[in-house]
Amino acid sequence: MPTSLPRSVLVVGSGGREHALVRALHASPAQPRVICAPGNAGIAQDAACFAIAADDIAGLVALAQRERIEFVVVGPEVPLSLGLADQLIAAGIPVYGPKADGARLEASKIFTKKILLKHRIPTAPAAFFSEVAPALAYVRTRSIPIVIKADGLAAGKGVVVAQSAAEAESAVRDMLEGGRFGASGSQLLVEDCLFGEETSILVVVSGRDYVILPTSQDHKRIGDGDTGPNTGGMGTYSPAEVVTPALLERIDREIVRPSVDAIAAEGIDYCGTLFIGIMLTPSGPSVIEYNARFGDPETQVVLPRLATDVLGLLWAATTRRLAGLTLALRPEHAMCVVIAAKGYPDAYAKGDVITFPAALPPGVSILHAGTARKPTGEMVMNGGRVLGVTALAPTLREAADNAYAVCDQIGCVSKVYRRDIGARQLNRTP
Ligand code: AMP
Ligand code: GLY
């Protein structure tokens, strides 16, 4: 594989994460040609978009060949678990993103829990079931709240933190009998509930070498004060100062290094982002989950904080030259506030016209997630998460003020967004 930086990059996906990736790759001093599939109306302002779905593996490989793409960066988990990286490698096209065996770390929570337990990586105790009666019997032996998780991919919705035995029972029945998650729910985990603050640790992995990206914290619930149902993520900030340098060192020693080693020991040659969801419990950090990709909306706050060239970083991982690479970080704080469509994460309306402020404050950018352009040229809502307003500023308070000023100015009848992104950290810092 050539070591000189690639001259053309295909980003696969269509959300805010991919918009952030496209922007970061564009900013590379190597000035690559950046294209995206399928992209969205906002990404199309920055890169040529090709209407090939993220799960059309053959179509994406053919696109990369036709466009003479030298490097593919994959955003979402679905193409990875369908073997997009395997197919690209077979076609001789370098790719950042794990092969299907690595993507299984996200696609099967049981597979991952077994690895965590086997390698003694801190995680909540759990048991696995495919029948209702033994699952309910196990629930009765544990304390409430208790966590019920569908084994497979469920777009972030396959986890129920049950606050009563009755809620646990209906979650178990829903998944195993109701077919609520299809094949993804034919097996489940019953897991002890962890308490504490969550943090997202994104790690660029290349075999046994890795680099930890800046810390961040997501806000998963739809409502202020962490109320209402879980979503894909309603907002993020970076750095997450709850992760002090000493705590990050502990997370590295107890979780990141053992995880990378365990994955390699299981015979998985992992190249891509390993996103470790961690609960900071009173007794120490504990793994909630692995994701086999960049987080959304974590990426929107993590990438802008890198002074290191993102293309160079991902290419170093893919070409196995990550060892010894140290990241240069920007000192600013970043915040991303997600604007969603009213109703999300359940049914929501599409088609509302969106208007944008004429000018943005310094350090603010609007990343598109679910937008489309009408033939008349108007930008309209076309997804549950619609936009992410990202701000980079000397303090988190300024980042929040700037991001929210722009959120307020975006015109869109049924926009909803949380008002308290970053509140935990802002309330800690007087
Ligand atoms: P996951 O799909 O595994 O990321 O889970 C979604 C969300 O459910 C997590 O971000 C947590 O907020 C919550 N969650 C998952 N597992 C646990 C657990 N064992 N204890 C408490 N909360 C959990
Ligand atoms: N923001 C959480 C995720 O990407 O899964």
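- Under a 3.5 Å cut-off, the side chain of Asn402 and the backbone N or O of Ala391 do not form any donor-acceptor pair.
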Evaluate the criterion salt bridge (charged side-chain N to carboxylate O under 4.0 Å, His left out) for residue pair Lys149 and Glu191; output intermediate values, then yes/no.
CA-CA 8 Å; Lys149 296 185 171 184; Glu191 181 175 306; 3.4 Å; yes
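- Although no hydrogens or angles enter the test, the distance criterion places a donor-acceptor pair under 3.5 Å between the side chain of Thr281 and the main chain of Ser283.
- Checked by atom type, the side-chain pair Gln300/Asp296 shows a donor-acceptor distance below 3.5 Å.
- The distance from atom CD1 of Ile263 to atom NE2 of His119, rounded to the nearest 0.5 Å, is 9.0 Å.
- Shown are Ser186, Ser108, Ser130; of these, the side-chain hydrogen bond (donor to acceptor under 3.5 Å, both in side chains) with Asp151 is made only by Ser108.
- Side chains of Tyr417 and Arg419: a donor on one and an acceptor on the other come within 3.5 Å.
- A donor-acceptor pair under 3.5 Å is formed between the side chain of Gln217 and the backbone N or O of Glu198.
- In this structure, the side chains of Thr112 and Glu289 stay at 4.5 Å or more apart for every pair of heavy atoms.
- Here the shortest heavy-atom pairing between Ala168 and Val139 reads CB-CG1, 4.0 Å.
- Remark: Leu396 CG to Leu426 CG distance equals 4.5 Å, nearest 0.5 Å.
- When every heavy atom of Tyr348 is checked against every heavy atom of Lys342, the shortest pair comes out as CB-O, 3.3 Å.
- Below 30°, between 30° and 60°, or above 60°: for Phe71 and Trp315 the angle between ring planes is above 60°, a perpendicular geometry.
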Please assess Tyr270 against Leu105 for the test side-chain contact (heavy atoms from CB on, under 4.5 Å), listing each intermediate value before the final yes or no.
CA-CA 10 Å; Tyr270 197 98; Leu105 293 166; 3.8 Å; yes
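- Arg418 approaches Gly225 most closely through the heavy-atom pair NH2-N, 3.7 Å.
- Side chain of Tyr96 to main chain of Val204: no donor-acceptor pair is present (N/O by atom type, distance under 3.5 Å, no hydrogens or angles).
- Closest non-hydrogen pair, Lys109 versus Ala150, comes out as CD-O, 3.5 Å.
- Scanning both residues, Pro145 and Cys193, for their nearest heavy atoms gives O-CB, 3.3 Å.
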Tell me, with the steps shown, if Asp192 and Ile146 meet side-chain contact (heavy atoms from CB on, under 4.5 Å).
CA-CA 5 Å; Asp192 286 6; Ile146 184 89; 4.1 Å; yes
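- For the pair Glu106 and Arg293, the salt-bridge criterion is met [side-chain N within less than 4.0 Å of a carboxylate O].
- In terms of modelled atom types and a separation under 3.5 Å, the side chain of Asp86 and the main chain of Ala100 share a donor-acceptor contact.
- For the atom pair OG1 (Thr123) and CD1 (Ile276), the distance works out to 11.0 Å, reported to the nearest 0.5 Å.
- Side chain of Thr215 to main chain of Ala240: a donor-acceptor pair is present (N/O by atom type, distance under 3.5 Å, no hydrogens or angles).
- The shortest non-hydrogen separation linking Gln65 to Ile93 is CG-CD1, 3.9 Å.
- In this structure, CG on Leu189 lies 9.5 Å from CE on Met175, to the nearest 0.5 angstrom.
- At least one donor-acceptor pair under 3.5 Å links the side chain of Lys415 to the backbone N or O of Cys407.
- Contact check for Val386 versus Thr371: side-chain heavy atoms found under the 4.5 Å cut-off.
- Considering only heavy atoms from C-beta on, Thr318 stays 4.5 Å or farther from Ser206 through its side chain.
- Ring centroid separation for the pair His368 and Phe356 comes in under the 6.0 Å cut-off.
- Residues Asp218 and Glu298 meet the side-chain proximity criterion, which asks for heavy atoms closer than 4.5 Å.
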Yes or no on side-chain contact (heavy atoms from CB on, under 4.5 Å) for Ile35 and Glu67, after CA distance, side-chain angles and deciding distance?
CA-CA 9 Å; Ile35 69 170; Glu67 294 294 321; 4.0 Å; yes
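- Checking side-chain atoms of Ser216 against main-chain N and O of Ser238 turns up no donor-acceptor pair under 3.5 Å.
- Checking side-chain atoms of Asn40 against main-chain N and O of Ala369 turns up a donor-acceptor pair under 3.5 Å.
- Ser365 is listed as a side-chain neighbour of Arg23, based on a closest heavy-atom distance under 4.5 Å.
- The CD1 atom of Ile201 sits 4.0 Å away from the OG1 atom of Thr199 when rounded to the nearest 0.5 Å.
- The side-chain heavy atoms of Leu280 and Pro285, taken from C-beta on, include a pair separated by under 4.5 Å.
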Given the rule in the side-chain contact (heavy atoms from CB on, under 4.5 Å) test, do Tyr344 and Thr231 qualify, once you have shown the distances and angles that lead to the verdict?
CA-CA 8 Å; Tyr344 175 78; Thr231 69; 3.5 Å; yes
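- The side-chain hydrogen bond (donor to acceptor under 3.5 Å, both in side chains) with Asp226 is formed by just one residue from the set Arg221, His219, Arg424, Lys220; it is Arg424.
- Going from atom CD1 of Ile366 over to atom NE2 of His19 covers 10.0 Å, rounded to the nearest 0.5 Å.
- Relative to the ring axis of Phe111, Arg104 places its NZ or CZ within 45° and under 6.0 Å from the centre.
- Few gaps surround CZ on Arg66; more than 12 heavy atoms of other groups in view lie less than 6.0 Å from it.
- Without hydrogens or angle criteria, Tyr237 side chain to Ala423 main chain gives no donor-acceptor distance under 3.5 Å.
- At least one side-chain heavy atom of Tyr210 sits under 4.5 Å from a side-chain heavy atom of Asp252.
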Donor-acceptor pairs under 3.5 Å, side chain of residues 329-341 to any protein atom, not counting sequence neighbours: which ones?
| from | atom 1 | to | atom 2 | distance (Å) |
| --- | --- | --- | --- | --- |
| Arg330 | NE | Glu332 | OE1 | 3.4 |
| Arg330 | NH2 | Glu332 | OE2 | 3.2 |

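- A donor atom on one side chain and an acceptor atom on the other are not found under 3.5 Å apart for Ser164 and Glu167.
- Put simply, the side chain of Ile43 does not reach to within 4.5 Å of the side chain of Ser14, judged on heavy atoms.
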